[in-house]
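Heads up: the structure comes next, in structure tokens.
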Amino acid sequence: MKTFDHAELYKLDGDVPLLRSIPYGVQHILAMFVANLAPIFIVAAAAGLDDGMTGSLVQSAMLIAGIGTLIQLFPVWRLGSGLPIVMGISFTFVTVLCGVAATYGYNAAIGAIMVGGIIEGVLGLFAKYWRRIISPIVAAVVVTSIGFSLLNVGATSFGGGAGAPDFGSPTNIALGSIALVSCLAFQILAKGKTKQLSVLFGLVVGYVAALVMGVVDLSGFSEAEPLALPQFMPFTPEFEPSAIIAVTLIFLVSATETIGDTSAISMVGLARDVREKELSGSIACDGFVSSLSACFGCLPITSFSQNVGLVAMTKVVNRRAIATGAAIMIAAGFLPIIGVVFSSLPEAVLGGCTIMMFGNIIVSGFQMIARAGFTQRNILIAALSLSIGIGFTQVSDIFVLLPEMLQNVFADNCVAVVFLVAVVANLMLPKTISIDGAELAGEAEQQRIDAATDQAAPAAEGVASDADGGRV
């Protein structure tokens, strides 16, 4: 019998047996499942859709997430990155789509998603012509802002979920704590490569604890049908110009998040910079699969940052392993009972396991900033974009002078503001920054700072230097 080499999990195309792959795929599903479905419930409520139609859209969300993930893992033509990216329904569009659905109707929202997705897809195909404005420092601060933007998502889940009547109750805090401590304990005590299943272990322990405490909603199991087909074109699209403009602007924001996620997954998973073909394919997949999603009456799809955090934690990048999760998602689109099992997972349990993952994204962003270099110019771009992006969106009334459409784009989306400020700063700031009258360019500045540090340090024999010239 062939012995399984765990090192294959750290290779994109490693030879991992199917049964060995499933736990890693399931772990990715559990990390994003609730977040994949939550936008559907929010927008469906704003649009006044009934429970039957909402249930149908939930099925479609699972199907589309699986299809999008498979295309990212195994590109079709120029669509897909070939990287271990997990796709799901995007929270980024919730605010604007709630407004569009309430004002123009859900049919107009579907039409806007179709058009906006095509526009983003085309932009992705031609990314090489505009991608240069996304310098390493811009991508780094976008990744960092994504991590910060997700912290309140993890904390909200930890408390029981947004709008939960028992939010912050002792039960929810206990469940979140049990899941978090289980993750940490498994990570510390487990031997060898099994440490990579710490999130899955935490979710399972938390779910069992929730069952014992009687807080798992089991009503969905009795109502679930054994088999149901997702509906194709359940809504007739309407093309309202104002709705299309508003949604397309958010697609541009989504593209920046995809750039950040794709850059991060390449850096933390493969220890290299993202390639142009991968970035182009990732954005194109985002756009065109979002248009396909609209054909099933569903919301736009994008890369999921929480799964980037999972890769950062486990370092498992094997496409076959993650593809098992995508296959299960597709099956869930036809088998409602699978969706019921996953959706019955209490949010507090999910929050306990994901809060640490989101922190990993922030740390990954810091690592990318360090990789870009602590030149005076990069420090200025990072400080300016993060302070304005995160600071201003915490006081959303500061955007009151903007038109309502732009308020919807920027007021509650720190990633969009960080990206805009970083890009503008990157384009406008001189390539050289003056410090005490000396003109210093990026690499030369870093070398001067390193040299000054070396001269100031006491001379000593045997002091080693690492590959980057820093002290060991």
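The first residue in the sequence is number 1, and the count goes up from there.
Note that the CZ atom of Phe239 and the CD1 atom of Ile110 stand 10.5 Å from one another [nearest 0.5 Å]. Taken from CG in Leu203 to OG in Ser182, the straight-line distance is 9.5 Å, to the nearest 0.5 Å. Between Ser280 atom OG and Tyr129 atom OH the span is 10.5 Å, to the nearest 0.5 Å. Atom CZ of Phe167 and atom OG1 of Thr156 lie 5.0 Å apart (nearest 0.5 Å). Interatomic distance, CG of Leu401 versus CD of Gln407, reported as 8.5 Å (0.5 Å rounding). We find the CG-OG1 distance between Leu123 and Thr248 to be 10.0 Å, quoted to the nearest 0.5 Å.
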Hey, can you pull the donor-acceptor pairs under 3.5 Å for the side chains in residues 68-77, sequence neighbours left out?
residue, atom, partner, partner atom, Å
Thr69, OG1, Ala65, O, 2.8
Thr69, OG1, Met87, N, 3.0
Gln72, OE1, Ser81, N, 3.0
Gln72, OE1, Ser81, OG, 3.0
Gln72, NE2, Ser282, O, 3.4
Gln72, NE2, Ser282, OG, 3.3

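Within the 4.5 Å cutoff, no side-chain heavy atoms of Leu63 are placed close to those of Met329. The shortest distance between side-chain heavy atoms of Leu299 and Ile40 falls below 4.5 Å. Between Val311 and Val316, every side-chain heavy-atom pair lies at or beyond the 4.5 Å cut-off. A heavy-atom distance below 4.5 Å is not found between the side chains of Ile113 and Ser293. Looking at heavy atoms from C-beta onward, Phe374 lies in side-chain contact with Ile369 at the 4.5 angstrom threshold. Inter-residue side-chain proximity for Thr262 and Leu83 is flagged as met; some heavy-atom pair is nearer than 4.5 Å. Between Ser303 and Val308 the shortest side-chain heavy-atom distance does not fall below 4.5 Å. Taking 4.5 Å as the limit, every side-chain heavy atom of Phe186 sits out of range of all side-chain heavy atoms of Leu200.
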Determine, step by step, whether Leu270 and Leu12 satisfy the side chain to side chain contact (heavy atoms under 4.5 Å, CB included) criterion, reporting the C-alpha distance in whole Å, the side-chain angles of both residues, the deciding distance to 0.1 Å, and the verdict. CA-CA 9 Å; Leu270 303 176; Leu12 275 178; 4.0 Å; yes
If you apply the rule side chain to side chain contact (heavy atoms under 4.5 Å, CB included), what do you find for Val142 with Ile259, and how did you get there? CA-CA 8 Å; Val142 169; Ile259 290 170; over 6 Å; no
Decide yes or no on side chain to side chain contact (heavy atoms under 4.5 Å, CB included) for Glu120 and Ile283, but give the supporting numbers first. CA-CA 7 Å; Glu120 185 193 8; Ile283 299 170; 3.9 Å; yes
Under the side chain to side chain contact (heavy atoms under 4.5 Å, CB included) rule, what do Phe158 and Val349 come out as? Steps first, then yes or no, please. CA-CA 7 Å; Phe158 198 104; Val349 174; over 6 Å; no
For a ring-ring contact (aromatic ring centres under 6.0 Å, His included) check, start with the C-alpha distance between Phe410 and Phe392, then their side-chain angles and the critical distance, and finish with the verdict. CA-CA 9 Å; Phe410 296 112; Phe392 280 24; over 10 Å; no
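Formation of a donor-acceptor pair under 3.5 Å by the Asn318 side chain with backbone atoms of Gly14 is found in this model. A side-chain donor-acceptor contact under 3.5 Å links Thr393 to the backbone of Ile390. Gln59 places a side-chain N or O within donor-acceptor distance of the main-chain N or O of Gly333, the cut-off being under 3.5 Å. In this structure a side-chain-to-backbone donor-acceptor pair under 3.5 Å is missing from Tyr106 to Val100. Side-chain atoms of Arg377 come within 3.5 Å of backbone N or O of Leu429 as a donor-acceptor pair. Checking side-chain atoms of Gln394 against main-chain N and O of Gly391 turns up no donor-acceptor pair under 3.5 Å. Of the possible polar contacts, none joining the Ser157 side chain to the Ala348 backbone as a donor-acceptor pair under 3.5 Å is found. Side-chain atoms of Asn307 come within 3.5 Å of backbone atoms of His28 as a donor-acceptor pair (strictly under, hydrogens ignored). The closest donor-acceptor contact from the side chain of Arg78 to the backbone of Leu125 lies under 3.5 Å. In this structure, the side chain of Ser254 does not engage the main chain of Ile250 through any donor-acceptor pair within 3.5 Å.
Test Val421, Asn426, Leu420, Leu427 against Val423 for side-chain contact (heavy atoms from CB on, under 4.5 Å) and you get one pass: Leu427. Only one option out of Ile388, Leu386, Ile381 pairs with Leu384 in a side-chain contact (heavy atoms from CB on, under 4.5 Å); it is Ile388.
For Phe399, there are no ring pair (Phe, Tyr, Trp, His ring centres under 6.0 Å) partners, not counting sequence neighbours. In this structure, the salt bridge (Lys or Arg N to Asp or Glu O under 4.0 Å) partners of Lys11, at least two apart in sequence or on a different chain, are Glu8. Scored by the salt bridge (Lys or Arg N to Asp or Glu O under 4.0 Å) test, Asp166 finds no partners at all (sequence neighbours excluded). In this structure, the salt bridge (Lys or Arg N to Asp or Glu O under 4.0 Å) partners of Arg371, at least two apart in sequence or on a different chain, are Asp273. Not counting sequence neighbours, the partners of Glu276 by the salt bridge (Lys or Arg N to Asp or Glu O under 4.0 Å) test are Arg132.
Of all heavy-atom pairs between Gly117 and Ser290, the closest is CA-CB, 4.5 Å. Closest of all the heavy-atom pairs between Ser396 and Ala411 is CB-O, 3.5 Å. Between Ala61 and Leu37, the closest heavy-atom pair is CB-CD2, 4.2 Å. Listed here is the closest heavy atom pair of Val417 and Gly389: CG1-CA, 3.5 Å. Of all heavy-atom pairs between Ala321 and Leu9, the closest is CB-CD2, 4.5 Å. Here the closest non-hydrogen pair linking Ser263 and Val274 is OG-CG1, 3.8 Å.
Between the side chains of Thr314 and Tyr24, no donor-acceptor pair of N or O atoms lies under 3.5 Å.
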